[in-house]
Amino acid sequence: MSSQLLDSLLQETMNSLRRVLVSPSLNTPIRFTSTASNDGTTKPKTGILMLNMGGPRNSGEVKEFLTNLFADRDIIRLPVQDKLGPWIAKRRTPSIIEKYNEIGGGSPIFDWTTKQGNLMCARLDELCPESAPHKAYVGFRYARPLTETALEEMENDGVEHVVAFSQYPQYSCTTSGSSMKAIYRYYEQNYPLKTPGPRGPDGVTWSVIDRWPTHPLLIKTFAQNIKKELENFPENVRSKVVLLFSAHSVPQYVMNRGDPYPSEMGATVQLVMQELGWCNPYRLVWQSKVGPLPWLEPGTEPTIKAMVKKGQKNLMLIPIAFVNDHIETLHELDIEYAQDIGKEVGAERIGRCAAPNCDPTFIECLADIVATHLKSGETVKPQMLMTCPMCTEESCKDAKMWWAKATGYLDQQQKAAKAVSS
């Protein structure tokens with residue numbers, strides 16, 4: 001066992017008497033979770049926390065969304081961020097509102113995530129009656145409903161087991177990792193003496209699904225949607241259409257720490273192409289770069305320009321990192337790239353593969369991921385608890401240790417170590 005784990009165990013022993021709060025008047029442990037739902041209906045036994053970046057549902061939420069985004073140092077690092085971040089958010093708000101107005105006035109990501117969660121839970125009630133009823137809770141990182149709001153809702157509903165389910169199939173410290181940190185900070189700030197899970201006073205257990213880039217039904221969903229979009233190209237050029245798998249880019253300095261995102265994205269792309277029988281030429285490209293610092297390349301926009309210049313004028317954009325439509329698909333891919341850039345450079349046709357949204361195959365994918373997770377009894381994979389090789393952030397290490405406690409992983413390791421030594 002590492003010295004870090006031993007240090008944590010020692011600290012845990014010192015704090016053991018403070019772990020359960022006691023009411024002076026009742027002399028009983030204080031529960032942080034209610035035992036019945038507020039509206040009198042049957043309370044959910046298992047809560048599925050759907051974690052994603054989110055998006056403003058209307059123009060009035062845009063500034064708040066951007067302010068939260070530019071305050072997150074996990075994804076964007078700025079000098080004097082507490083001052084420069086809000087200034088950038090305020091400055092960008094009018095132009096971003098214009099973009100949302102072009103796609104209907106707001107992001108549909110909340111509606112899609114809610115529908116996905118409800119359909120998934122209906123299927124889970126069939127697949128896993130022992131953990132039913134299941135309820136999905138939407139927890140966004142930068143838009144309403146925020147992750148903190150979803151945590152409060154689960155507390156009020158009296159959920160017995162929580163599955164933190166990242167809606168980013170491929171893991172990055174800037175996306176899934178940031179959401180996991182937000183959960184850690186919520187409990188550290190609001191309940192500093194309480195660790196959820198087997199060590200907590202209320203009996204609520206936690207588990208995590210932090211990545212799923214190679215799930216067969218995720219691969220099948222994208223492959224089916226690509227085939228459908230290929231049918232919209234003339235038959236004589238169909239086999240020559242270049243498939244551009246466009247993923248959200250991240251800063252290069254994050255990759256230099258050893259973030260697994262590019263390799264997991266590559267794994268998804270390779271399996272999709274294998275499912276398609278390697279039918280077309282393809283490339284993995286990166287979109288949504290923000291700021292002057294180096295991000296992952298090649299960018300989607302310059303790749304389109306270069307391809308058309310070389311005579312490859314039929315392209316398909318595939319939102320391989322996104323499980324539902326939002327501004328990055330509906331505006332950036334559909335309007336800025338397929339429409340505006342396509343016209344500028346003289347492309348014949350730039351199509352866009354549909355996002356998974358509520359495709360029946362994808363809903364079955366979500367349900368299967370959670371059902372398999374629940375039935376396995378696994379609470380967290382060791383990969384999630386390891387920091388990047390070159391990471392020096394104490395907050396990352398603290399968050400990982402917190403999750404090791406909350407999921408019971410640390411207790412399991414301690415038990416195994418005792419068994420070996422006895």
Side-chain angles (χ1 to χ4, degrees), residues 33-55 57 108-141 143-169 176 179-180 183 196-197 203-212 215-218 220-221 322-326 355-380 406-407:
T33 304
S34 61
T35 56
S37 61
N38 292 333
D39 59 5
T41 60
T42 303
K43 73 173 185 178
K45 184 175 182 180
T46 304
I48 316 298
L49 180 56
M50 312 277 280
L51 299 167
N52 208 331
M53 179 180 292
R57 285 174 282 184
I109 191 170
F110 173 75
D111 290 337
W112 281 123
T113 307
T114 300
K115 292 174 183 176
Q116 289 168 332
N118 291 340
L119 290 168
M120 174 193 68
C121 285
R123 183 72 176 115
L124 281 173
D125 287 347
E126 299 173 350
L127 295 172
C128 304
E130 64 280 3
S131 55
H134 304 82
K135 180 179 177 180
Y137 298 82
V138 177
F140 288 150
R141 187 66 185 86
R144 303 177 190 179
L146 293 170
T147 303
E148 294 80 359
T149 303
L151 294 173
E152 291 171 359
E153 187 180 352
M154 287 191 295
E155 294 264 351
N156 293 332
D157 283 353
V159 169
E160 297 177 22
H161 180 71
V162 179
V163 180
F165 187 12
S166 173
Q167 295 306 289
Y168 308 99
S176 303
S179 287
M180 299 303 171
I183 296 172
V204 177
T205 56
W206 278 72
S207 61
V208 181
I209 302 171
D210 66 317
R211 70 196 78 198
W212 35 287
H215 192 280
L217 294 179
L218 173 69
K220 186 176 180 180
T221 299
F322 307 124
V323 299
N324 39 42
D325 277 318
H326 53 303
N357 292 329
C358 288
D359 184 293
T361 302
F362 183 66
I363 298 303
E364 191 65 24
C365 170
L366 295 177
D368 183 69
I369 290 168
V370 179
T372 301
H373 172 78
L374 290 171
K375 291 178 179 180
S376 73
E378 183 180 59
T379 58
V380 64
T407 58

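Sequence positions, counted from 1, serve as the residue numbers for this chain. Only this structure's heavy atoms are used, side chains among them; waters, hydrogens and symmetry mates stay out.
The CG atom of Asp125 sits 8.0 Å away from the OG atom of Ser131 when rounded to the nearest 0.5 Å. For the atom pair CG of Leu51 and OH of Tyr168, the computed distance is 8.0 Å after rounding to the nearest 0.5 Å. Here Arg141 contributes atom CZ and Leu146 contributes atom CG; the two are 8.5 Å apart, rounded to the nearest 0.5 Å. Within the model, atoms CG of Leu366 and CG of Leu218 stand 9.0 Å from one another, a figure rounded to the nearest 0.5 Å. Distance check, rounded to the nearest 0.5 Å: CG of Asn357 to CD1 of Ile109 gives 10.0 Å. With values rounded to the nearest 0.5 angstrom, Gln116 atom CD is found 9.0 Å from Asn52 atom CG.
The side chain to side chain contact (heavy atoms under 4.5 Å, CB included) search around Leu151 returns Leu49, Thr147, Met154, Ile183, Tyr186, Tyr187, Trp206, not counting sequence neighbours. With sequence neighbours excluded, no residue satisfies side-chain hydrogen bond (donor to acceptor under 3.5 Å, both in side chains) with Thr221. Taking Lys135 as the reference, Glu153, Asp157 meet the salt bridge (charged side-chain N to carboxylate O under 4.0 Å, His left out) condition, with sequence neighbours excluded. For Glu148, the salt bridge (charged side-chain N to carboxylate O under 4.0 Å, His left out) criterion is met by no residue, not counting sequence neighbours. Ile369 meets the side chain to side chain contact (heavy atoms under 4.5 Å, CB included) test with Phe165, Ile209, Trp212, His215, Cys365; sequence neighbours excluded. The side-chain hydrogen bond (donor to acceptor under 3.5 Å, both in side chains) check on His326 picks up Glu328, with sequence neighbours excluded. For Arg123, the salt bridge (charged side-chain N to carboxylate O under 4.0 Å, His left out) partners at least two apart in sequence or on another chain are Glu126, Glu364. Checked against side chain to side chain contact (heavy atoms under 4.5 Å, CB included), Ser207 has the following partners two or more places apart in sequence or in another chain: His161, Val163, His373, Thr379. Scored by the side-chain hydrogen bond (donor to acceptor under 3.5 Å, both in side chains) test, Asp210 finds no partners at all (sequence neighbours excluded). Residues passing the salt bridge (charged side-chain N to carboxylate O under 4.0 Å, His left out) test with Asp359: none are found, sequence neighbours excluded. The side chain to side chain contact (heavy atoms under 4.5 Å, CB included) test applied to Ala122 returns no partner, not counting sequence neighbours. Looking at residues two or more places apart in sequence or on another chain, you find no side-chain hydrogen bond (donor to acceptor under 3.5 Å, both in side chains) involving Gln167.
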>> For a side chain to side chain contact (heavy atoms under 4.5 Å, CB included) check, start with the C-alpha distance between Ile48 and Tyr137, then their side-chain angles and the critical distance, and finish with the verdict.
In response: CA-CA 6 Å; Ile48 316 298; Tyr137 298 82; over 6 Å; no
> Is there a side chain to side chain contact (heavy atoms under 4.5 Å, CB included) between Val159 and Lys45 once you walk through the steps?
Replying inline: CA-CA 5 Å; Val159 169; Lys45 184 175 182 180; over 6 Å; no
>> Let's go through Val162 and Thr205 carefully: what are the C-alpha distance in whole Å and the side-chain angles of both, what is the deciding distance for side chain to side chain contact (heavy atoms under 4.5 Å, CB included) to 0.1 Å, and is it a yes or a no?
In response: CA-CA 6 Å; Val162 179; Thr205 56; over 6 Å; no
>> Show, in sequence, the C-alpha distance, side-chain angles and deciding distance for Arg211 and Ser166, and conclude whether the side chain to side chain contact (heavy atoms under 4.5 Å, CB included) test is met.
In response: CA-CA 7 Å; Arg211 70 196 78 198; Ser166 173; over 6 Å; no
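The nearest pair of heavy atoms linking Phe322 to Pro356 is O-CD, 3.4 Å. Gly54 and Ala143 get closest at one heavy-atom pair: C-CB, 4.0 Å. Across all non-hydrogen atoms, the minimal contact from Ala150 to Gly139 is CB-CA, 4.0 Å.
The shortest side-chain heavy-atom distance between Thr46 and Glu160 does not fall under the 4.5 Å cut-off. Side-chain atoms of Pro44 and His134, non-hydrogen and from C-beta on, never get closer than 4.5 Å to each other.
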